Engineer: 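The structure follows.
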Amino acid sequence: METITENQKVKVAKKLKKMFGHMDRREMEYCPIRDVMALASDKWSILIVLYLGYYPVMRFNHIKKRVYGISNKVLSERLKMLETDGYISRKMYPEVPIRVEYALTDFGHSYLKKLIDLTEWVTAHGDVIVESRKAKKVS
């Protein structure tokens with residue numbers, strides 16, 4: 001495991017100050033970072049984006065089968081929100097029955113790259129989290 005140097009901590013602190021330093025605490029009711037991250041970091045949305053990265057085009061039922069445990073209602077809501085925010089595109093074909101396909105936009109692909117970085121980090125450090133949880137249960 002790599003060590004976090006003081007220099008890295010200082011760089012992170014500067015980035016956080018740049019992110020939050022300009023915000024007036026009285027106007028924190030609407031926080032653009034929180035607003036965007038709420039959807040972008042939702043467990044269902046992350047899985048949808050990851051699967052749309054793996055399968056270039058997916059239909060509703062295909063997504064539902066891959067994203068285990070999601071209800072039709074929640075999947076429909078997440079797809080609409082991801083489309084509204086520009087992560088995915090929705091294409092409807094005038095057929096009987098109607099065929100609707102979902103795909104990542106270029107913006108969605110840029111987000112996918114960040115998600116892949118995060119999932120690689122989780123994979124590399126997951127054992128630390130599991131061990132920490134076990135240690136907390138024992139004590």
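Values in this document were obtained by computation on a predicted structure and should not be read as measured data.
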Engineer: Of all heavy-atom pairs between L52 and Y102, which one has the smallest distance, and what is that distance?
Structural biologist: CD2-O, 3.4 Å
Engineer: With no hydrogens and no angle check, is any side-chain donor or acceptor of S89 less than 3.5 Å from a backbone partner on T105?
Structural biologist: no
Engineer: Could you please spell out the steps behind the side chain to side chain contact (heavy atoms under 4.5 Å, CB included) verdict for R99 and R59?
Structural biologist: CA-CA 8 Å; R99 178 171 49 117; R59 294 175 68 181; 3.5 Å; yes
Engineer: OG/S76 to CZ/R78 distance, rounded to the nearest 0.5 angstrom?
Structural biologist: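 Interatomic distance, S76 OG to R78 CZ, rounded to 0.5 Å: 10.5 Å.
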Engineer: For P56 and A103, work out which heavy atoms get closest and say how close.
Structural biologist: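 Looking at all heavy atoms of both residues, the shortest contact is O-CB, 3.4 Å.
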Engineer: Does a donor on one side chain sit under 3.5 Å from an acceptor on the other, for Y93 and E101?
Structural biologist: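 Per modelled atom types, Y93 and E101 side chains form a pair under 3.5 Å.
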Engineer: Is it true that E131 and R133 make a salt bridge, defined as a side-chain N closer than 4.0 Å to a carboxylate O?
Structural biologist: no
Engineer: Please walk me through it: do K91 and V100 pass side chain to side chain contact (heavy atoms under 4.5 Å, CB included)?
Structural biologist: CA-CA 6 Å; K91 188 171 183 181; V100 179; over 6 Å; no
Engineer: So how far is it from Y111 OH to Y87 OH, rounded to the nearest 0.5 Å?
Structural biologist: 6.0 Å
Engineer: Find the distance between CD (E77) and OG (S71) and round it off to the nearest 0.5 Å.
Structural biologist: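 Between atom CD of E77 and atom OG of S71 there are 7.5 Å.
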Engineer: Provide the full list of ring pair (Phe, Tyr, Trp, His ring centres under 6.0 Å) pairs with a residue in residues 33-58, sequence neighbours left out, each pair given once.
Structural biologist: Y55-H62
Engineer: Roughly how far, to the nearest 0.5 Å, is the CD1 atom of I48 from the CG atom of D42?
Structural biologist: 7.5 Å
Engineer: Is the side chain of T84 donor-acceptor paired with the backbone N or O of K80 at a distance under 3.5 Å, no angle test?
Structural biologist: yes
